[in-house]
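Let me begin by presenting the structure, written as structure tokens, before commenting on it.
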Amino acid sequence: MQRRQRGINAGLLLLFAQLFQFGVHNIPPVTLAALGLNIFLFLNPFKPLLEVCISVRDGYYGRDWQRFLLSPFHHADDWHLYFNMVSLLWKGAKLERKLGSGLFATIIIVFSQLIGVVYVILEYGLAEFTGDPSYKMQCAVGFSGVLFALKVLNNYYHPGGSSNVFGILIPNKYACWAELVAIHLLSPGTSFVGHLSGILVGLLYTQGPLKKILISTASFSNGPSSTQRNFSYSGYSGYADDSYQQHSSSRSYDLYTGGFDEDEQLQQAIRESLHERDGHRRPQQNAPWSSAEQLSVEEIRRRRLNRF
């Protein structure tokens with residue numbers, strides 16, 4: 001494991017400020033653990049990014065199975081981490097209170113691995129269908145594949161309503177598809193296939209057999225009552241009154257978001273990031289790798305790093 005040698009990370013500082021404003025004691029335990037793991041591995045990467053990113057060539061052909069485990073929890077830069085962790089804070093807290101920590105932990109573990117498998121299958125299929133071998137070399141890192149899956153679950157467990165996707169009101173059941181296209185158009189360095197993999201895994205849960213399997217697994221591992229436990233904003237886990245919980249969560253979100261919903265926060269963050277990247281920090285904004293990685297010309301030609 002190596003420490004990240006970098007200057008001031010504006011995105012990381014902003015993330016810590018958001019967590020402080022939200023209140024660490026208000027974050028459910030599994031969501032907090034996932035946030036902590038991602039931040040820790042950003043500051044102390046297990047390996048260089050090109051040795052943890054997932055691709056058909058390195059993960060499947062190269063039999064480097066640890067990439068499936070590591071790639072979701074590594075991020076290319078501080079803004080990549082910021083986007084994903086702010087989204088995890090919102091989606092994770094909402095879902096963990098609804099599902100209970102046991103089931104939510106099972107979902108995070110299984111989704112983080114299954115999305116990598118689906119990603120490799122889709123990239124392999126694209127390479128075979130188009131005859132373009134570059135799809136097999138596209139290497140991706142990041143947690144946003146999991147976040148797209150969690151968005152599908154959030155819309156499933158909290159149906160109705162609409163989301164503001166870059167100024168356009170979209171019904172929630174279609175919002176993940178609109179965001180898939182919008183984020184790819186605004187930030188071409190992101191992994192379209194990685195995000196699509198997350199949506200497909202989410203649908204496998206809501207429309208397929210994965211829901212029953214994970215609920216059974218969580219119940220077997222933690223006891224039959226584990227999936228019914230909710231997180232209380234008093235700082236303790238256990239049963240909580242629903243009306244108090246809803247009022248408390250609404251109040252906490254207002255303090256955290258300043259009245260913006262999740263989509264408005266994400267749009268603001270993207271605008272800040274694009275502005276930051278156009279400034280002095282990111283002169284090599286078109287480069288397909290993290291600024292933390294210094295690659296040879298041959299390596300640049302040979303690989304492409306995408307962001308989940």
Side-chain angles (χ1 to χ4, degrees), residues 11 14-15 18 21-22 26-27 31 79-99 104 107 111 115 142-208 211 242-243 245-278 307-308:
L14 184 57
L15 174 59
Q18 300 263 16
Q21 187 175 8
F22 188 86
N26 290 331
I27 306 174
T31 302
W79 286 108
H80 186 203
L81 178 75
Y82 171 76
F83 296 154
N84 284 352
M85 293 305 98
V86 168
S87 184
L88 173 60
L89 181 61
W90 180 282
K91 295 182 176 75
K94 192 174 182 180
L95 271 177
E96 189 171 347
R97 287 196 308 274
K98 177 72 175 180
L99 303 178
F104 186 68
I107 288 172
F111 279 17
I115 287 169
F143 202 70
S144 56
V146 178
L147 296 172
F148 267 85
L150 295 184
K151 185 170 186 66
V152 174
L153 267 63
N154 256 318
N155 294 337
Y156 174 76
Y157 284 110
H158 305 92
S162 59
S163 297
N164 186 332
V165 181
F166 300 101
I168 303 174
L169 285 179
I170 305 291
N172 278 337
K173 61 181 179 179
Y174 304 121
C176 59
W177 297 103
E179 289 181 15
L180 173 69
V181 175
I183 290 175
H184 183 67
L185 292 176
L186 286 174
S187 186
T190 58
S191 174
F192 181 88
V193 175
H195 295 166
L196 176 61
S197 299
I199 293 176
L200 294 179
V201 169
L203 292 175
L204 187 60
Y205 179 96
T206 59
Q207 308 297 327
K211 177 181 176 181
D242 287 341
S243 61
Q245 198 171 23
Q246 291 172 4
H247 171 73
S248 178
S249 64
S250 175
R251 179 179 56 193
S252 298
Y253 278 136
D254 286 342
L255 289 173
Y256 164 57
T257 64
F260 291 111
D261 64 21
E262 179 190 358
D263 300 300
E264 291 169 333
Q265 291 178 68
L266 180 59
Q267 293 168 39
Q268 179 63 27
I270 289 177
R271 285 193 292 268
E272 292 174 358
S273 175
L274 294 176
H275 175 73
E276 181 77 18
R277 292 179 185 186
D278 288 337
R307 305 175 186 190
F308 272 132

Study note, to complete from the structure: Hits for side-chain hydrogen bond (donor to acceptor under 3.5 Å, both in side chains) against Lys173, two or more places apart or cross-chain, chain-then-number order -> none
Revision key, fill the gap. Contacts of His184 meeting ring-ring contact (aromatic ring centres under 6.0 Å, His included) (sequence neighbours excluded), chain-then-number -> Phe192
Practice item. Could I get the full list of side-chain hydrogen bond (donor to acceptor under 3.5 Å, both in side chains) partners for Ser197, not counting sequence neighbours? Key: none
Study note, to complete from the structure: Sorted by chain and number, sequence neighbours left out, side-chain hydrogen bond (donor to acceptor under 3.5 Å, both in side chains) with Tyr174 holds for none
Practice item. With sequence neighbours excluded, tell me which residues meet ring-ring contact (aromatic ring centres under 6.0 Å, His included) with Phe148. Key: His195
Check your understanding: Between atom CD1 of Ile115 and atom CD1 of Ile199, what is the distance when rounded to the nearest 0.5 Å?
Key -> 10.0 Å
Check your understanding: Going from CZ on Arg97 to CZ on Phe104, what distance comes out if it is rounded to the nearest 0.5 angstrom?
Key -> 10.5 Å
Exercise for review: Compare every heavy atom of Ser162 with every heavy atom of Leu169, then report the nearest pair and how far apart it is.
Suggested key: CD2-OG, 3.9 Å
Point to revise | Contact summary for Tyr82 and Gly11, nearest pair of heavy atoms | key: CD1-O, 3.6 Å
Check your understanding: Between CG of Leu14 and CE of Met85, what distance do you get to the nearest 0.5 Å?
Key -> 13.5 Å
Practice item. Check Val152 against Cys176 and note the closest heavy-atom contact, atom names and distance. Key: CG2-SG, 4.1 Å
Review point. Sequence neighbours excluded, which residues qualify as side chain to side chain contact (heavy atoms under 4.5 Å, CB included) partners of Leu185?
Key: Val181
Point to revise | Over all atoms of both residues, closest heavy-atom pair of Leu147 and Ser87 | key: CD1-CB, 3.8 Å
Practice item. Mind checking the CG-OG1 spacing from Asn26 to Thr31? Nearest 0.5 Å is all I need. Key: 12.0 Å
Point to revise | Nearest non-hydrogen partners of Asn172 and Asn155, listed with the distance | key: O-ND2, 2.7 Å
Point to revise | Separation of Trp90 CH2 from Leu95 CG (nearest 0.5 Å) | key: 12.5 Å
Check your understanding: Less than 4.5 Å apart, any side-chain heavy atom of Lys94 and any of Tyr157?
Key -> no
**Study point:** Minimum heavy-atom distance between His80 and Gly142, given as atom pair plus value
**Key:** CE1-CA, 3.8 Å
Check your understanding: Would you call the rings of Phe83 and Trp79 parallel, tilted or perpendicular if under 30° counts as parallel and over 60° as perpendicular?
Key -> tilted
Check your understanding: CG/Leu150 to CD/Glu96 distance, rounded to the nearest 0.5 angstrom?
Key -> 11.0 Å
